[in-house]
Student: 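For reference, the structure I am asking about is given below.
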Amino acid sequence: MSQEREEGLTRRQAIVAGIAGAATIAAIPGALGGAAEPAADEREKPSVPGRLPVVFLPHGGGPWPFVDVGMGKAEFDELAGYLRSIRALPKTPPKALLVVSAHWEEPVPTVMTAERPPMFYDYYGFPPESYTLQWPAPGAPELAARVRELLGAAGFETATNAKRGFDHGTFVPLKLTYPDAEVPTIQLSLKLGLDPEEHLAMGRALAPLRDEGVFILGSGMTYHNMRGFRDPSAGAVSEAFDGWLRETMALPSNERDARLAAWASAPAARLAHPREEHLLPLMVVAGAAGADRGTTAYNGAVWGKRLSAYHFG
């Protein structure tokens with residue numbers, strides 16, 4: 001969540017407030033059910049052998065899996081289990097991870113280049129131990145150069161940042177997925193302006209990395225409205241938008257990408273995302289997916305709001 005305070009609401013207050021909404025969302029028909037998979041005759045053919053999948057995951061809020069944030073962890077157990085499961089998704093271990101986090105925006109797409117990226121605790125109002133968490137994955141300067149090469153060939157101006165650390169959109173979920181922090185990892189920023197078509201194009205440019213042993217991950221949320229976390233009625237908003245997303249991800253790529261480019265016209269879109277930075281990593285992932293159709297890998301209710309994760313390939 002990029003805005004740590006909105007109308008006086010801190011992240012921690014949002015988490016606690018979400019408990020009240022959980023009962024409401026559970027009462028909505030189908031609220032805890034997963035999305036239906038595409039029919040067998042509608043599924044894409046198997047991906048190219050050796051090609052890595054791409055993933056969009058919800059990263060939750062703050063340091064939730066590792067620190068007592070004032071509520072029981074039971075609300076997050078399903079999400080934590082899903083994040084741990086991602087490690088088994090690639091059929092061969094990735095050589096490196098490329099993460100597009102909702103928590104980094106720059107005027108041009110920017111990659112971190114540190115050989116040992118530091119930690120960046122970009123959250124506020126949590127217990128002191130929240131600021132001592134470590135996820136010491138090595139960087140990957142050569143991958144950063146390759147990312148710039150691919151984006152440059154697609155017409156994007158790019159930049160580097162040698163001081164940028166892993167923000168919580170990266171280190172929190174991946175501390176569950178890769179607890180030993182053994183896989184070289186870099187982050188790629190969003191581009192200011194948050195244009196969905198530009199981010200789809202960024203993903204398309206990066207698609208060759210899938211055949212080069214790079215596991216591309218988009219880290220965001222399918223619902224991200226700070227005011228909504230304290231509003232039990234907003235559960236229905238998250239259901240409406242998330243249902244549209246699940247339907248969209250299963251479509252052929254040309255239809256999927258056209259709908260994503262026009263995402264703001266979807267049901268309850270601007271109520272689910274007053275600002276779209278938490279949705280844009282999905283655009284990059286969808287672009288990198290190419291012809292692969294998406295499957296809903298996780299569909300749960302967290303803080304009383306519907307969240308999903310998507311896999312391609």
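Residue numbers start at 1 and run along the sequence shown.
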Student: To check you understand the geometry: which heavy-atom pair defines the closest contact between Asp167 and Gly169, and what is its length?
Tutor: OD1-N, 2.8 Å
Student: If only atom types and distance count, is the side chain of Lys305 paired as donor or acceptor with the main-chain N or O of Ala234 below 3.5 Å?
Tutor: no
Student: Evaluate Arg270 against Glu276 for side chain to side chain contact (heavy atoms under 4.5 Å, CB included), listing each step before the verdict.
Tutor: CA-CA 8 Å; Arg270 282 297 179 186; Glu276 56 266 45; 2.8 Å; yes
Student: Do Val214 and Pro94 come close enough that some side-chain heavy atom pair is under 4.5 Å?
Tutor: no
Student: Are Tyr82 and Tyr298 near enough that their ring centres are under 6.0 Å apart?
Tutor: yes
Student: Is atom CD of Glu129 surrounded by more than 12 heavy atoms (other residues, nucleotides or ligands) closer than 6.0 Å?
Tutor: yes
Student: List the steps, then state whether side chain to side chain contact (heavy atoms under 4.5 Å, CB included) holds for Arg164 with Thr110.
Tutor: CA-CA 10 Å; Arg164 173 78 185 190; Thr110 303; over 6 Å; no
Student: Distance check, rounded to the nearest 0.5 Å: Leu174 atom CG versus His168 atom NE2?
Tutor: 12.5 Å
Student: When you look at Arg148 and Thr158, which way does the side-chain hydrogen bond (donor to acceptor under 3.5 Å, both in side chains) test go after all the steps?
Tutor: CA-CA 6 Å; Arg148 295 191 74 193; Thr158 63; 2.8 Å; yes
Student: Just checking, is any N or O donor in the side chain of Thr295 or His311 under 3.5 Å from an acceptor N or O on the other one?
Tutor: no
Student: Could you tell me which non-hydrogen atom of Asp195 sits nearest to which non-hydrogen atom of Leu280, and how far apart they are?
Tutor: O-CD1, 4.0 Å
Student: Taking the six-membered ring for Trp and the full ring for Phe, Tyr or His, determine whether the centres of Tyr131 and Tyr123 are under 6.0 Å apart.
Tutor: yes
Student: Are the side chains of Leu190 and Pro281 in touch, meaning some heavy atoms are under 4.5 Å apart?
Tutor: yes
Student: Go through the structure and list residues passing salt bridge (charged side-chain N to carboxylate O under 4.0 Å, His left out) with Glu247, not counting sequence neighbours.
Tutor: Arg259
Student: To the closest 0.5 Å, what do you measure between OG1 (Thr222) and CG (Leu307)?
Tutor: 4.5 Å
Student: Which heavy-atom pair separates Val285 from Val55 by the least distance, and what is that distance?
Tutor: CG2-O, 3.3 Å
Student: Below 4.5 Å, heavy atoms only, C-beta onward: do Phe171 and Phe66 meet side chain to side chain?
Tutor: no
Student: Donor-acceptor pair, Ser189 side chain versus Gln187 backbone, under 3.5 Å?
Tutor: no
Student: Is a side-chain N or O of Asn225 found less than 3.5 angstrom from the main chain of Leu271, in a donor-acceptor match?
Tutor: yes
Student: For the pair Arg146 and Glu212, find out whether any cationic side-chain nitrogen is under 4.0 Å from an anionic carboxylate oxygen.
Tutor: yes
Student: Is a side-chain donor-acceptor pair under 3.5 Å present for Ser308 with Asn299?
Tutor: yes
Student: Please round to the nearest 0.5 Å and tell me the distance separating atom CH2 of Trp263 and atom CZ of Phe241.
Tutor: 6.0 Å
Student: Kindly give the heavy-atom pair with the smallest separation between Arg293 and Arg256, and that separation in Å.
Tutor: CA-NH1, 4.3 Å
Student: Do Leu176 and Leu133 belong to the same hydrophobic cluster, where Ile, Leu, Val, Met, Phe, Trp and Tyr are linked whenever their side-chain heavy atoms lie under 4.5 Å apart, directly or via other members?
Tutor: yes
Student: Would the number of heavy atoms belonging to other residues, nucleotides or ligands and lying under 6.0 Å from CD of Glu157 be above 12?
Tutor: no
Student: What side-chain donor-acceptor pairs closer than 3.5 Å can you find for residues 86-93, not counting sequence neighbours?
Tutor:
| residue | atom | partner | partner atom | Å |
| --- | --- | --- | --- | --- |
| Arg87 | NH1 | Glu182 | OE2 | 3.1 |
| Arg87 | NH2 | Glu182 | OE2 | 2.6 |

Student: Between Lys175 and Pro65, is any pair of side-chain heavy atoms under 4.5 Å apart?
Tutor: no
Student: Please step through side chain to side chain contact (heavy atoms under 4.5 Å, CB included) for the pair Leu245 and Thr296, ending with a clear verdict.
Tutor: CA-CA 10 Å; Leu245 272 181; Thr296 303; over 6 Å; no
Student: Indicate the atoms forming the closest heavy-atom contact of Leu151 with Pro109, along with that distance.
Tutor: CD1-CB, 3.9 Å
Student: Is there a donor-acceptor pair under 3.5 Å between the side chain of Thr132 and the backbone N or O of Pro128?
Tutor: no
Student: Please round to the nearest 0.5 Å and tell me the distance separating atom CD of Glu142 and atom CD1 of Ile186.
Tutor: 11.0 Å
Student: Between Arg275 and Glu105, does at least one N-O distance fall below 4.0 Å, as a salt bridge requires?
Tutor: yes
Student: Taking Phe120 as the starting point, is it possible to reach Phe126 by hopping between hydrophobic residues whose side chains are less than 4.5 Å apart?
Tutor: no
Student: Please report the closest heavy-atom contact between Val108 and Lys191, naming both atoms and the distance.
Tutor: CA-CG, 4.4 Å
Student: Where the side chain of Thr248 meets the backbone of Arg246, is there a donor-acceptor pair that is under 3.5 Å apart?
Tutor: no
Student: Are Val99 and Thr185 packed together at the side-chain level, in the sense that at least one heavy-atom pair is separated by less than 4.5 angstrom?
Tutor: yes
Student: Is the closest side-chain heavy-atom distance between Asp122 and Trp104 below 4.5 Å?
Tutor: no
Student: For the OG atom of Ser253 and the CZ atom of Arg204, what is their distance to the nearest 0.5 Å?
Tutor: 8.5 Å
Student: Within this structure, what is the CG-CG distance for the pair Asp257 and Leu200, rounded to the nearest 0.5 Å?
Tutor: 5.0 Å
Student: Trp135 side chain to Tyr178 main-chain N or O, any donor-acceptor pair under 3.5 Å?
Tutor: yes
Student: Given side chain to side chain contact (heavy atoms under 4.5 Å, CB included), test Leu52 with Ile216 step by step and report yes or no.
Tutor: CA-CA 8 Å; Leu52 293 189; Ile216 301 173; over 6 Å; no
Student: Below 4.5 Å, heavy atoms only, C-beta onward: do Pro58 and Leu79 meet side chain to side chain?
Tutor: yes
Student: Could you walk me through whether His273 and His278 satisfy the ring pair (Phe, Tyr, Trp, His ring centres under 6.0 Å) test, starting with their C-alpha distance in whole Å, then the side-chain angles of each, then the deciding distance to 0.1 Å, before giving a yes or no?
Tutor: CA-CA 8 Å; His273 290 277; His278 274 69; 7.7 Å; no
Student: Tell me whether Arg210 contacts the main-chain N or O of Ala288 through its side chain, where contact means a donor paired with an acceptor under 3.5 Å.
Tutor: yes
Student: Using side-chain heavy atoms (C-beta onward) and a distance below 4.5 Å, is Val54 in contact with Leu217?
Tutor: no
